[in-house]
Engineer: 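Would you mind keeping the following structure in view while I ask a few things?
None of these values were measured; they are calculated from a predicted model.
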Amino acid sequence: MTDTASPLRMLIVEDSEDDALLLLREMRKGGIAPYHELVDSEDRLSYALRRGKWDIVITDHNMPGFSSFRVLELTKKYCKDLPVIIVSGTIGEGVAVTAMKAGAQDYIMKDNLSRLIPAIDREVREGFMRQAKRVAENALEHMAYHDSLTDLVNRREFERRLVQALEDTHNTGRQHVLLYLDLDQFKIINDTCGHVAGDHLLKQVAALLSHQIRSDDTLARLGGDEFGVLLRGCDAIHAQKVAEKLCEEVHEFRFVWQSKPFSVSLSIGMVLITENYNSAGELLSHADLACYAAKDRGRNNVQLYETDDAEMQQRERDMNWTSRIQQALQNNSFCLWQQEMVALQPEASDGYRTEFLVRLNEGDDIVPPGAFIPAAERFNLMTRVDRKVIELAFDYLNRTGLGRKSTGTFFINLSGSSFNEPELFLYISQLAERYKLLPERICFEITETSAIANLNATQRFINSAKRRGFKFALDDFGAGMSSFSYLKALPVDYLKIDGGFVRNLLDDPIDLSIVDACNRIGHSAGLKTVAEFVENDEVRARLVELGLDYAQGYGISKPRPLE
């Protein structure tokens, strides 16, 4: 308190200069020499409180035109944590109690100023503590509603404001617009230059975007490299211009890291906030869909969400499937069915053959793979689905003992993305070893198009697996433009000829020629051939004549659950 480097800053509210001097003399006697200002009216008090930084207010109770109660009101209005002590010669006990309830920290009678120094000392100290607490509380509140990296509003606060905007639309009919922004090149910069560079990029982009929106709009970081903008009281035409301006600014921006310049761009999804929406979640979901559409359509552009857009409808279905697939993986809701193959030639009758087919068990409904596999592939879930299928198949082969028999082949489908997963072969090997399964009983299938798309990875995987004794089949053979040229590069054991050619071979001579050519090429390469989609006895008989080894399809055996 007596630190001369930081003198006490005191505001004295008193209409009597003599009484003010008396107060100051008493303080000097106690070792306090404050910096002070004397005010004697409401206007002067308000001005002093607004412009000054004070440690304490000492006020008389009764003054011409106003009282200590008004002093308390103004102090609370302008300086919430500033302590106020009333010093008066006329205040009664009842008035004093009322003043304390109104916010005064203490009251002292003018004929007992010996209490003044201890009271000032105590209240200034507690005032500092209140101030520090409020600063800390404000900081915590700011942290709760703002992103720590960019200092933008965070997702939680953005969703709250989105709810307010939606309620305003329902109540008043005013239109607002939601923009969902995704930074297109962020992953490349983050992966090649590191997370520090990625953080710098996000901060610079956040600052760039902040300069392009109005003060009553909201810019937020929603997570990762995704931002949200809430344009209040905005129509579609103006919102489109704002979004295009944001794209333009970011596209022209050059991010420089360690003397290397990088170009970046935005994909923006736009949703008009109308009375048709009932939740912030629905708005964000549609904005996300529109943003993905912007990416699919070339990036660095703006896409408005439209309910009749076929591509957005399909993506929405895929996204819904994503959560269902993830839940199914957690709940073990996937199950296996099987479809048998039959030998068409006497020399091919060397054991039982069947293909495992994945299904999704949702209580009363058994969902076929065509419903969920496209979504799993689009959202990078197929490797997890493949692992679940392998786990279920190997468990079945272990429980039944079929995986340890001297004959039999069991076909398991793998997606192209799984061939790029280095740990998958180790997982398969360890699981087969744990169950003591014979690798030659298991044949993995991959479609021709997937194999060609990941040719090097597919070759490495197949070579490693075949050294352990596993077999491989190339599915949908003939569907690609260069099927025969790739056959030498893939050391498979079976060719499964695309069913689209098999189904119509009796009526279409071209399809018949393709099936015949695939079979001959397969046999020349020492492979067994399988015709898919065999739906009747006439097609089966023709395949026998052509010399194919095996047939599969509804005319042979319909898919059925594993026993």
Side-chain angles (χ1 to χ4, degrees), residues 1-139 141:
M1 291 292 296
T2 58
D3 183 2
T4 56
S6 303
L8 183 69
R9 299 171 62 85
M10 178 182 294
L11 185 59
I12 301 174
V13 188
E14 175 64 75
D15 64 323
S16 168
E17 194 169 339
D18 290 341
D19 285 350
L21 290 172
L22 195 67
L23 286 172
L24 291 168
R25 189 180 302 120
E26 187 68 25
M27 281 184 271
R28 279 194 291 270
K29 283 167 56 179
I32 300 176
Y35 167 83
H36 70 278
E37 185 174 329
L38 179 64
V39 297
D40 59 2
S41 69
E42 213 175 294
D43 289 343
R44 290 184 64 191
L45 173 62
S46 297
Y47 179 72
L49 288 170
R50 285 198 305 271
R51 71 173 177 81
K53 185 173 176 63
W54 307 102
D55 299 320
I56 194 164
V57 175
I58 306 293
T59 181
D60 192 3
H61 174 57
N62 280 318
M63 291 163 285
F66 75 120
S67 70
S68 62
F69 291 109
R70 183 59 177 155
V71 174
L72 289 168
E73 287 179 15
L74 291 171
T75 303
K76 190 178 292 185
K77 177 180 179 181
Y78 295 114
C79 307
K80 193 169 186 177
D81 296 311
L82 189 60
V84 177
I85 294 177
I86 300 173
V87 178
S88 176
T90 60
I91 192 169
E93 189 74 26
V95 176
V97 171
T98 304
M100 297 286 281
K101 289 181 178 177
Q105 270 64 45
D106 205 345
Y107 70 94
I108 295 170
M109 303 304 291
K110 286 184 178 179
D111 60 0
N112 187 20
L113 289 179
S114 61
R115 289 188 55 235
L116 183 60
I117 301 301
I120 291 173
D121 196 21
R122 180 190 68 239
E123 295 308 328
V124 169
R125 195 164 52 245
E126 291 187 2
F128 285 154
M129 290 174 64
R130 283 195 300 273
Q131 253 184 334
K133 181 182 178 184
R134 189 172 298 280
V135 168
E137 288 173 347
N138 290 340
E141 183 177 10

Engineer: Only counting residues at least two apart or in another chain, list the ones meeting ring-ring contact (aromatic ring centres under 6.0 Å, His included) with Y47.
Structural biologist: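 Applying ring-ring contact (aromatic ring centres under 6.0 Å, His included) to Y47 gives none.
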Engineer: Of all the heavy-atom pairs spanning A48 and W54, show the shortest one and how long it is.
Structural biologist: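 Closest approach of A48 to W54: O-NE1, 2.9 Å.
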Engineer: For the atom pair CG (L72) and CG (L82), what is the distance rounded to the nearest 0.5 Å?
Structural biologist: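 Rounded to the nearest 0.5 Å, the CG-CG separation comes to 10.5 Å.
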Engineer: Please name all residues satisfying salt bridge (charged side-chain N to carboxylate O under 4.0 Å, His left out) with R70, sequence neighbours left out, ordered by chain then number.
Structural biologist: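 Here the qualifying residues are E42, E73.
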Engineer: Do the non-hydrogen side-chain atoms of L8 and I120 ever get within less than 4.5 Å of each other?
Structural biologist: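 Of all side-chain heavy-atom pairs linking I120 with L8, at least one is under 4.5 Å.
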Engineer: Quick one: side chains of residues 17-37, donor-acceptor pairs under 3.5 Å with protein atoms, not counting sequence neighbours, listed by atom name and distance.
Structural biologist:
{"from": "D19", "atom 1": "OD2", "to": "K110", "atom 2": "NZ", "distance (Å)": "2.7"}
{"from": "E37", "atom 1": "OE1", "to": "R51", "atom 2": "NH2", "distance (Å)": "2.7"}
{"from": "E37", "atom 1": "OE2", "to": "R51", "atom 2": "NH2", "distance (Å)": "3.1"}

Engineer: Once rounded to the nearest 0.5 Å, what's the spacing between atom OG1 of T59 and atom OH of Y107?
Structural biologist: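 Separation between the atoms: 16.0 Å.
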Engineer: Look up atom NE2 in H61 and atom CE in M109, then write down how far apart they are to the nearest 0.5 Å.
Structural biologist: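 One gets 10.0 Å once the value is rounded to the nearest 0.5 Å.
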Engineer: Work out which heavy atom in V13 is nearest to a heavy atom in F66; give both atom names and the distance.
Structural biologist: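 What the structure gives for the nearest pair is CG1-CZ, 3.8 Å.
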Engineer: Rounded to the nearest 0.5 Å, what separates atom OG in S68 from atom CD1 in I58?
Structural biologist: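 The distance works out to 12.5 Å.
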Engineer: Residues two or more places apart in sequence or in another chain: which of them pass salt bridge (charged side-chain N to carboxylate O under 4.0 Å, His left out) with D106?
Structural biologist: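 Residues passing salt bridge (charged side-chain N to carboxylate O under 4.0 Å, His left out) with D106: R115, R122.
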Engineer: Looking at residues at least two apart in the chain, or sitting in another chain, which of them share a salt bridge (charged side-chain N to carboxylate O under 4.0 Å, His left out) with D81?
Structural biologist: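 Checked D81 against salt bridge (charged side-chain N to carboxylate O under 4.0 Å, His left out); matches are R134.
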Engineer: Using the test salt bridge (charged side-chain N to carboxylate O under 4.0 Å, His left out), find all partners of K80 that sit at least two apart in sequence or belong to another chain.
Structural biologist: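 Salt bridge (charged side-chain N to carboxylate O under 4.0 Å, His left out) check on K80 returns nothing, list empty.
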Engineer: Between the main-chain N or O of R9 and the side-chain N or O of D55, is there a donor-acceptor pair closer than 3.5 Å?
Structural biologist: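 Confirmed, D55 side chain pairs with R9 backbone.
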Engineer: Within the structure provided, determine whether T75 and L11 are in side-chain contact (heavy-atom separation under 4.5 Å).
Structural biologist: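 Heavy-atom side-chain distance check fails, nothing below 4.5 Å.
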Engineer: How far does CE of M63 sit from OG of S41, to the nearest 0.5 angstrom?
Structural biologist: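 OG of S41 is found 10.0 Å from CE of M63.
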Engineer: Once rounded to the nearest 0.5 Å, what's the spacing between atom CG of L116 and atom CG of D121?
Structural biologist: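 Answer for the CG-CG pair, L116 versus D121, is 11.0 Å.
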